[in-house]
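Worksheet for the structure shown next.
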2 protein chains.
Amino acid sequence: MSDTTTSQSVRFEIDTPHRELLDQVLDKWSLQVLNELCERPSRFSELRRLVPAVTQKSLTATLRRLERNGVVERVVLSTRPVAIEYRITPLGKTLRPPVEAILTWAHEYMPDIEEARRRFDE
Amino acid sequence: MSDTTTSQSVRFEIDTPHRELLDQVLDKWSLQVLNELCERPSRFSELRRLVPAVTQKSLTATLRRLERNGVVERVVLSTRPVAIEYRITPLGKTLRPPVEAILTWAHEYMPDIEEARRRFDE
DNA sequence: CGGGATCCCAAGCGATACTG
DNA sequence: CAGTATCGCTTGGGATCCCG
C-alpha cells in the first residue's frame with residue numbers, strides 16, 4: 001500500500017490531492033467556463049453573459065482557481081482602455097477530451113437516469 | 001433557453017439538468033464509492049472502511065443519491081441476519097469509461113498542475 | 001469594465017445519540 | 001449491522017456597495 005508504487009492497474013486510487021484537483025476543475029461553474037473558453041477567448045463580462053446563472057463573485061473565484069491550476073490564462077490586452085481576456089491554456093485543452101466524454105455520457109444516458117429517478121421516487 | 005442558432009458543433013450545452021446530474025454523480029464521495037463498487041459489491045460497513053474519510057451520514061446520502069440516479073443498486077440479501085449489499089448497475093458501468101478518462105487525466109497532468117500552482121502562488 | 005470587500009443566509013457536513 | 005434523527009458549526013454563494 002505504499003503510495004509511491006507505480007501500479008499501472010486499470011483502477012485508480014483517488015487520494016486527497018487528486019480528489020481536490022477534480023473538485024477544483026469539475027465543479028459547478030468550471031465546466032461551463034471551460035466549455036466557453038474552449039470555444040474562444042472571452043472577457044469577464046462576456047463570460048457573465050455566456051454563463052448567466054453565475055454571480056460575479058463566483059465567476060471571479062472560478063477564474064482564479066482555474067488560473068491557479070494552469071488551465072486558464074488571464075491576459076491583459078494593452079488596448080486603449082486596457083481589456084482583460086481569459087484564454088484556455090495548452091494544459092487546459094488536454095482537459096477537453098475527458099470532459100467531453102463525461103458530457104457525452106450525460107447526454108446519452110439522461111433518459112435512463114430520469115426513468116431511474118421516477119422509479120425511485122414513487 | 002431556446003437558442004435558435006443551428007450549431008451542430010461538437011460542443012455540448014451544459015444546461016441545468018445536465019449540470020445537476022454531474023453534480024450528483026461526480027461529487028466528492030460518489031467518485032470514490034463508484035470506484036469501489038466497480039471493483040466488487042460491498043456492504044455499508046465495507047464501504048466505510050474502503051473510503052475512510054467519509055462519515056456515515058455522507059455515505060448514506062451518497063448511496064441514496066446514486067441509487068436514485070440508477071447507477072447503484074441496494075440489494076437486501078436474505079441471509080440469516082439480513083445483510084445489505086450495494087452493487088453497481090449496468091447503467092452505472094457505463095459511467096466507468098468517462099470517469100476513468102478523467103482520472104487518467106488527473107494522474108497524467110498532476111505534475112503540470114502542481115507546477116502551475118507553484119508559479120501562481122509566488 | 002473588472003473586479004475587491006462585506007454582510008449574511010442557507011446548505012453541507014461532522015459529531016453524537018438512538019433504533020430495528 | 002445499517003441506518004435515522006437532531007444539533008451546531010463551518011462554508012459557499014448571493015446580494016450589495018465600492019473602487020481603479
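By convention in this document, chain letters (A, B, ...) are assigned in the order of the sequence lines, proteins followed by strands, and residues within each chain are numbered from 1. What you see is a predicted model, and the numbers here were worked out from it, not measured in a lab.
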Check: Does anything in residues 59-66 of chain A reach DNA chain C, meaning a heavy atom under 4.0 Å, and if so which residues?
Finding: A/Thr60, A/Arg64
Next item on the list: Enter the inter-axis angle for the ends of the helix from C/dC1-D/dG20 to C/dG20-D/dC1 (five pairs per end, rounded to 10°).
Entry: 50°
Under a 3.5 Å distance rule, please check whether [X] uses its side chain to pair with a backbone N or O of [Y] as donor and acceptor.
| X | Y | value |
| --- | --- | --- |
| A/Glu46 | A/Arg43 | yes |
| A/Thr94 | A/Leu91 | yes |
| A/Thr104 | A/Glu100 | yes |
| B/Ser30 | B/Leu26 | no |

Next item on the list: Could you list by number each residue of residues 38-47 of chain B showing a heavy-atom separation from DNA chain D of less than 4.0 Å, or answer none if no residue does?
Entry: B/Arg43, B/Phe44, B/Ser45
Next item on the list: Check side-chain contact (heavy atoms from CB on, under 4.5 Å) between B/Pro17 and all other residues, then give those that pass, not counting sequence neighbours.
Entry: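 Counting only residues at least two positions away or on another chain, B/Pro17 forms a side-chain contact (heavy atoms from CB on, under 4.5 Å) with A/Met110, B/Asp15.
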Checklist line | Sequence-distant partners of A/Ser78, side-chain contact (heavy atoms from CB on, under 4.5 Å), two or more places apart | finding: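 With neighbours one apart ignored, the set is empty.
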Note to self: Show me the pairs that pass side chain to side chain donor-acceptor pair (under 3.5 Å) and involve residues 110-122 of chain B, at least two apart or across chains.
What the structure shows: A/Arg68-B/Asp121, A/Asn69-B/Arg117
Item checked: Pairs where residues 24-36 of chain A contributes a residue and the test salt bridge (charged side-chain N to carboxylate O under 4.0 Å, His left out) is met, not counting sequence neighbours -> A/Asp27-A/Arg65, A/Glu36-B/Arg11
Would you mind reading off the distance between [X] atom [atom1] and [N] atom [atom2], rounded to a whole angstrom?
| X | N | atom1 | atom2 | result |
| --- | --- | --- | --- | --- |
| B/Glu20 | C/dA11 | CD | P | 14 Å |
| B/Arg48 | C/dC13 | CZ | P | 15 Å |
| A/Glu67 | C/dG2 | CD | P | 14 Å |

Checklist line | Letter per nucleotide, 5' to 3', of nucleotides 14-20 of chain C [B base touched, S only sugar-phosphate touched, - untouched; heavy atoms, 4.0 Å] | finding: BBB----
Next item on the list: Return the set of residues passing side-chain hydrogen bond (donor to acceptor under 3.5 Å, both in side chains) with A/Ser42 (not counting sequence neighbours), or none when no residue passes.
Entry: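 In terms of side-chain hydrogen bond (donor to acceptor under 3.5 Å, both in side chains), with neighbours along the sequence ignored, A/Ser42 is linked to no residue.
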Next item on the list: Look at the side-chain heavy atoms of Ile, Leu, Val, Met, Phe, Trp and Tyr, link any pair under 4.5 Å apart, and say whether A/Val82 and A/Ile84 land in one connected group.
Entry: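 A/Val82 clusters together with A/Ile84.
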Notebook entry, point to check: Below 4.0 angstrom, N of the basic side chain to O of the carboxylate: do A/Glu85 and A/Arg87 qualify?
Noted result: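 Salt bridge between A/Glu85 and A/Arg87, a charged N being under 4.0 Å from a carboxylate O: yes.
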Check: So which pairs with a foot in residues 17-36 of chain A pass ring pair (Phe, Tyr, Trp, His ring centres under 6.0 Å), sequence neighbours left out?
Finding: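 Qualifying pairs, neighbours excluded: A/His18-B/His107.
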Margin query: Which heavy atom of A/Pro52 sits nearest to which heavy atom of A/Leu50, and what is that distance?
Written below: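 Of all heavy-atom pairs spanning A/Pro52 and A/Leu50, the closest is CD-O, 3.3 Å.
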Margin query: Please give the remaining members of the hydrophobic cluster of B/Phe120, linking ILVMFWY side chains under 4.5 Å, ordered by chain and number.
Written below: none
Checklist line | Reference residue B/Thr60; test side chain to side chain donor-acceptor pair (under 3.5 Å); the match among B/Arg64, B/Gln56, B/Lys57 | finding: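 Output: one option passes, namely B/Gln56.
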Checklist line | Covered region of DNA chain D, 5' end to 3' end, by chain B [heavy atoms, under 4.0 Å] | finding: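 Extent of the interface on DNA chain D: D/dC1 to D/dC7.
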